[in-house]
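Remarks on the structure that follows.
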Amino acid sequence: MTVTLADVAARAQVSPATVSRVLNGNYPVAASTRERVLRAVDELDYVLNGPASALAAATSDLVGILVNDIADPFFGIMASAIQAEIGGPGGRAGGERLAVVCNTGGSPERELTYLTLLQRQRAAAVVLTGGAVESAPHAAAVTAKLRKLSEAGTRVVLCGRPPAPDTQAIALTFDNRGGARALTAHLIGLGHRRLGYIAGPEERTTTRHRLEGHRAALAAAGIEEDAGRTVYGRYDRRSGYEATLELLRRDPSLTAIVAANDSVALGACAALRESGLSIPGDVSVAGFDDLPFSIDAVPSLTTVRLPLAEAGARAGRIAMGREEPPPGGIASVRGELMVRGSTGVPRG
């Protein structure tokens, strides 16, 4: 026999309207009453009609988390922290919400498709992680999607992504420029003047911002940038390996390599070792993000630590309405320079 809302109300000794308020989380209810209702829900194994409830309410219990690559620790750490904040009071069926991780694979088309699907499902919140694609048509399409989501009652939070003007999205941005500038300035301070740079995909905002920080440090030190010392590639180990071999081919006199992230830096280290070069004796290597494996690399990586878990958790709380958005809807998250064994004073 199907358990109804009235059955739950009778078991909890409250009105059906009170049960509805508790399950929908849209009206203040005394803590003792809420606990009694939720206990009755568990005892009777009551299952809310999700689709019907979503139609009746402004939003559903669904929360979408968009990532570029869930296998990349950069995104995995943020997604895990966001999801940990998704549950709790405020949703239906015991106060929990369903987090769905949407892996775009770096595809702009797939990103738009997921946003459309989440809009159709009346998602309670959507969190977009990582950098954006630098394409005017795509940016306009994303802006339109985010605006529609917000207008429908969906909370939209950008975590590690530049702000989206003309939308109501809250942005927790990473200071990639500042971190990259500090990293390159550290190498210059050690005496390096011939630095190679392995950048990420050209179309990504993160790539541009980190490269701008690197160039700013070179300019501040009066070092003329050599375009031949910059190679673009993916944010993965293989890209770092191949790019390093290319940099060495172009300029064997390099004394330092700055990598777009820690995974790229690991590939760079492998290529240097296979080329008979020591780290940091012959060539210093620096990464970015301070992913979990960075400190265990041999030698341990000098990098910029981004508080990925903390930023993800904050994004999750804002998405759930449990933390106030930052003033103006934008907050800059700064990184911390972590100096370790992979960088040193150049020889000669």
Test log, rule side-chain contact (heavy atoms from CB on, under 4.5 Å), inputs R177 and R215: CA-CA 10 Å; R177 289 188 186 89; R215 288 171 171 167; over 6 Å; no
Within a strict 4.5 Å, meaning less than it, do heavy atoms of the [X] and [Y] side chains meet?
| X | Y | value |
| --- | --- | --- |
| P299 | V285 | no |
| V63 | V100 | no |
| L172 | R314 | yes |
| V333 | P307 | yes |
| L62 | R97 | no |
| R155 | L149 | no |
| L248 | L272 | yes |
| H209 | P162 | yes |

State whether the side chain of [X] and the backbone N or O of [Y] hold a donor-acceptor pair below 3.5 Å, judged by distance alone.
| X | Y | answer |
| --- | --- | --- |
| T33 | V29 | no |
| D7 | T4 | yes |
| S60 | R122 | yes |
| T167 | A169 | yes |
| D289 | L291 | no |
| R210 | A260 | yes |
| Y235 | T207 | yes |
| T302 | A286 | no |
| T113 | E109 | yes |
| R147 | V142 | no |

Verdict with supporting geometry, E274 and Y241, side-chain contact (heavy atoms from CB on, under 4.5 Å): CA-CA 10 Å; E274 289 186 17; Y241 178 89; 2.6 Å; yes
Count the heavy atoms of every other residue, nucleotide or ligand shown that sit under 6.0 Å from [atom1] of [X], and state whether that count exceeds 12.
| X | atom1 | value |
| --- | --- | --- |
| E151 | CD | yes |
| L117 | CG | yes |
| E43 | CD | yes |

Are [Y] and [X] connected into the same hydrophobic cluster when the rule is that any two of I, L, V, M, F, W, Y join if their side-chain heavy atoms are below 4.5 Å apart?
| X | Y | result |
| --- | --- | --- |
| M320 | L158 | no |
| V133 | F174 | no |
| L254 | V264 | yes |
| I70 | L66 | no |
| L112 | V156 | yes |

[Y] and [X] side chains, donor-acceptor separation under 3.5 Å:
| X | Y | value |
| --- | --- | --- |
| S253 | R194 | yes |
| H214 | E225 | no |
| S284 | T343 | no |
| S294 | D262 | yes |

Salt bridge check, [Y] against [X]: does any charged N sit closer than 4.0 Å to a carboxylate O?
| X | Y | result |
| --- | --- | --- |
| E246 | R250 | yes |
| R204 | E134 | no |
| D69 | R234 | no |
| D282 | R347 | yes |

Reported [atom1]-to-[atom2] distance for the pair [X] and [Y], which is rounded to 0.5 angstrom:
| X | Y | atom1 | atom2 | value |
| --- | --- | --- | --- | --- |
| R181 | N176 | CZ | CG | 15.0 Å |
| I257 | L195 | CD1 | CG | 9.5 Å |
| L308 | F74 | CG | CZ | 5.5 Å |
| L247 | E242 | CG | CD | 12.0 Å |
| K148 | L146 | NZ | CG | 11.5 Å |
| N261 | T303 | CG | OG1 | 8.5 Å |

If every non-hydrogen atom of [X] is compared with every non-hydrogen atom of [Y], which pair is closest and at what distance?
| X | Y | answer |
| --- | --- | --- |
| P326 | I170 | CD-CG2, 3.6 Å |
| L128 | V126 | CD1-CG1, 3.7 Å |
| P346 | T255 | CB-CB, 4.1 Å |
| P16 | L5 | O-CD2, 3.7 Å |
| V127 | A319 | CG2-CB, 4.0 Å |
| A171 | P163 | CB-CA, 3.8 Å |

CA sep, side-chain torsions, deciding dist, call: V304, D290, side-chain contact (heavy atoms from CB on, under 4.5 Å): CA-CA 6 Å; V304 173; D290 195 26; over 6 Å; no
From CA spacing to verdict: side-chain hydrogen bond (donor to acceptor under 3.5 Å, both in side chains), S15, T18: CA-CA 5 Å; S15 69; T18 298; 3.0 Å; yes
Audit row: V101, F75, side-chain contact (heavy atoms from CB on, under 4.5 Å) steps and yes/no: CA-CA 10 Å; V101 177; F75 294 99; over 6 Å; no
Salt bridge (Lys or Arg N to Asp or Glu O under 4.0 Å) evaluation trace for R161 with E111: CA-CA 14 Å; R161 189 177 179 118; E111 180 176 71; 3.0 Å; yes
Ring-face cation of R229 near Y197 (centre distance under 6.0 Å, axis angle within 45°):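 No, cation not above the ring by the 6.0 Å, 45° rule.
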